[in-house]
Number of protein chains: 2
Amino acid sequence: MAKDGERRDPLNRARVLRAAVALADESGLEAISMRKLAQALGVVPMALYKHVANKDELLDGMVDAVVSEVEPPQEGLDWKAAVRRRTLSARAVMLRHPWARRIMEAQAAPTHVILAYTDSMIRTFLAGGLSADLVHHVMHALGSRIFGFTQELHETAPTAPSDLSPEQVQYMMATFPGIVAVATARPHDPTSVVGSGCDDQFEFEFGIDLMLDGVERLHRNDWRSADHDREAASVL
Amino acid sequence: MAKDGERRDPLNRARVLRAAVALADESGLEAISMRKLAQALGVVPMALYKHVANKDELLDGMVDAVVSEVEPPQEGLDWKAAVRRRTLSARAVMLRHPWARRIMEAQAAPTHVILAYTDSMIRTFLAGGLSADLVHHVMHALGSRIFGFTQELHETAPTAPSDLSPEQVQYMMATFPGIVAVATARPHDPTSVVGSGCDDQFEFEFGIDLMLDGVERLHRNDWRSADHDREAASVL
DNA sequence: GTCAGAGGTGTACGCCGTACACCTGTCAGT
DNA sequence: ACTGACAGGTGTACGGCGTACACCTCTGAC
């Protein structure tokens with residue numbers, strides 16, 4: 001560094017976070033270490049601690065940056081369309097930053113930004129006339145889906161059927177007949193009968209619509225918590 | 001050790017996994033390191049590598065052990081009751097081993113045990129007469145719910161309203177009115193109007209029933225993928 | 001001209017996963 | 001009874017991690 005002309009302008013929290021998001025986008029979450037991030041910024045690791053308290057706070061900041069990319073609530077939509085649209089926007093954001101999901105799942109406490117987002121989503125429901133009681137349970141049921149997460153356990157299917165050797169297919173069919181039956185039944189994608197994967201967008205919309213349609217029906221029927229208890233009891 | 005009487009009987013994979021599960025139950029996932037686990041077993045860290053390939057495989061093994069605790073499918077139930085019951089059993093297991101969730105979310109590929117569980121769940125649906133097409137999408141929609149996961153983002157609410165100082169309540173009401181409105185509306189728990197938390201069991205059952213009821217309706221209406229496309233199009 | 005403080009540096013500690021060479025007791029085959 | 005393979009436990013070492021702490025060096029207000 002020394003005195004070779006002008007000094008680079010000093011770091012700040014925003015630049016650190018931006019660099020971290022870019023690094024994670026490029027190289028994945030496991031590439032995020034204080035040392036590597038510092039290197040990417042041309043700075044010594046400890047310099048970062050002047051701008052973020054510690055690594056956890058860095059991760060929180062990265063998530064906040066991502067959540068802020070979700071489009072704000074739209075005017076003039078009924079509650080269902082508004083929630084659907086915002087959730088799909090969130091999903092698009094999460095596809096750009098797939099690492100964000102794992103941070104959010106691992107972090108213990110929600111940040112202010114996340115609370116604000118949640119609050120805004122809740123108010124959309126309330127503004128639509130749903131009871132606070134119903135909204136409460138709906139938010140639990142939706143869970144992290146409002147952040148655009150697919151609730152899949154493993155982002156990648158083990159392997160596409162077409163990539164398997166005949167013996168492997170044989171083995172799969174013998175061992176996991178259910179999985180094979182269902183994995184090869186995807187008539188909604190006529191371009192490839194047994195393509196490389198699922199139509200993730202379709203699956204996401206199927207899931208969110210399954211829930212929102214259910215919610216709408218409960219709302220129309222003036223649902224109350226006590227109703228659910230009664231139904232559940234009748235099932236057993 | 002030397003020759004002080006009898007040697008302890010040798011380790012084996014099962015004992016290593018049992019110890020790891022016990023340690024995680026006691027001290028949480030962050031307490032699981034090869035070194036600490038070895039110490040708990042009275043053995044040198046590298047000894048573990050004779051029984052597990054590496055840490056990732058250890059974690060997989062722990063999850064498999066946990067998933068194996070879920071009760072097997074029951075005979076004589078219709079598909080909906082069968083799925084509901086097994087899912088609730090899975091949830092009970094996950095409450096005993098809350099750390100398992102984070103491993104499953106972080107692990108890239110599903111293990112054989114997990115595939116077998118998934119397969120069994122799928123076959124329950126198929127045996128109930130649901131089309132492979134519908135089951136495919138339903139499995140995506142249910143996601144990790146079939147493993148008993150609540151889809152909550154943060155296991156603990158930030159703080160129970162009753163634990164907040166009046167100024168904090170004031171601030172929350174001004175900043176997150178939606179959250180406050182909904183957090184204080186829980187008439188299904190008459191024992192405590194503003195208790196310390198939610199009735200998690202209720203929330204879980206609400207969510208799973210919301211989905212299963214929706215699925216049942218789709219099934220009764222002979223749902224096909226194309227229907228969904230048409231509906232979605234009509235919404236826009 | 002001084003001095004506080006913001007921002008960057010360097011060293012060091014304890015923890016982690018695990019590669020690799022090694023030792024030791026058991027037991028099958030002769 | 002001898003031997004040699006091998007399963008299972010050991011010890012050392014390396015590179016990576018987060019971060020505490022002492023330090024240096026500019027900048028700008030007074």
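These values consider heavy atoms only, across backbone and side chains, with no hydrogens, waters or symmetry-generated copies. The sequence lines fix the lettering, A, B, ..., with proteins before strands; numbering per chain opens at 1.
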Worksheet item: Base, sugar-phosphate alone, or nothing: which one does B:Lys55 contact when heavy atoms must sit under 4.0 Å apart?
Response: sugar-phosphate
Practice prompt. In whole angstrom, give the distance that lies between atom CD1 of B:Ile32 and atom P of C:dC15.
Written response: 17 Å
Worksheet item: With A:Tyr117, which residues qualify under ring pair (Phe, Tyr, Trp, His ring centres under 6.0 Å), at least two apart?
Response: A:Phe147
Worksheet entry | Interatomic distance where CG belongs to B:Asn12 and P belongs to D:dG8 [whole Å] | 9 Å
Worksheet item: More 5' along DNA chain D: A:Met34 or A:Lys50, using each one's nearest nucleotide?
Response: A:Met34
Discussion item. What is the separation between atom CD on A:Glu57 and atom P on D:dG18, rounded to the nearest whole Å?
Written reply: 15 Å
Worksheet item: A:Phe206: what forms a ring pair (Phe, Tyr, Trp, His ring centres under 6.0 Å) with it, not counting sequence neighbours?
Response: B:His137, B:Trp223, B:His228
Practice prompt. Please report, rounded to the nearest Å, how far the P atom of D:dC17 is from the CG atom of A:Asn54.
Written response: 17 Å
Discussion item. With a cut-off of less than 4.0 Å, is there a side-chain N or O of B:Lys36 near OP1 or OP2 of C:dC16?
Written reply: yes
Validation: residues 22-30 of chain B side-chain donor-acceptor distances under 3.5 Å, sequence neighbours left out:
unit_1, atom_1, unit_2, atom_2, d
B:Asp25, OD1, B:His97, ND1, 2.7
B:Asp25, OD1, B:Trp99, NE1, 2.7
B:Asp25, OD2, B:His97, ND1, 3.1

Practice prompt. Only counting residues at least two apart or in another chain, list the ones meeting side chain to side chain donor-acceptor pair (under 3.5 Å) with B:Arg35.
Written response: none
Fill in: From D:dG18, D:dG9, D:dT19, nucleotide with atom closest to A:Ser33 side chain
D:dG18
Practice prompt. For B:Tyr49 and C:dA21, give me the distance from atom OH to atom C1', rounded to whole Å.
Written response: 17 Å
Practice prompt. May I ask you to test the B:Leu48-B:Leu41 pair for a side-chain heavy-atom distance under 4.5 Å?
Written response: yes
Worksheet item: Is it the case that more than 12 heavy atoms not belonging to A:Gln170 sit under 6.0 Å from its CD atom?
Response: no
Item to complete: With sequence neighbours left out, write down each residue that passes side chain to side chain contact (heavy atoms under 4.5 Å, CB included) with A:Asp119, or none if nothing qualifies.
Response: A:Arg123, B:Phe176, B:Pro177, B:Ile179
Fill in: Rounded interatomic separation in angstrom, taking CD from B:Gln39 and C1' from C:dG17
16 Å
Practice prompt. Grab the CG-P distance between A:Leu41 and C:dG7 for me, whole Å please.
Written response: 15 Å
Worksheet item: How close or far is atom P of C:dG7 from atom CZ of A:Arg15, stated in whole angstroms?
Response: 12 Å
Worksheet item: Are any of B:His51's side-chain N or O atoms less than 4.0 Å away from OP1 or OP2 of D:dA7?
Response: no
When you compare the protein's N or O atoms with those of nucleotides 10-14 of chain C, which come within less than 3.5 Å of each other, and at what distance?
none

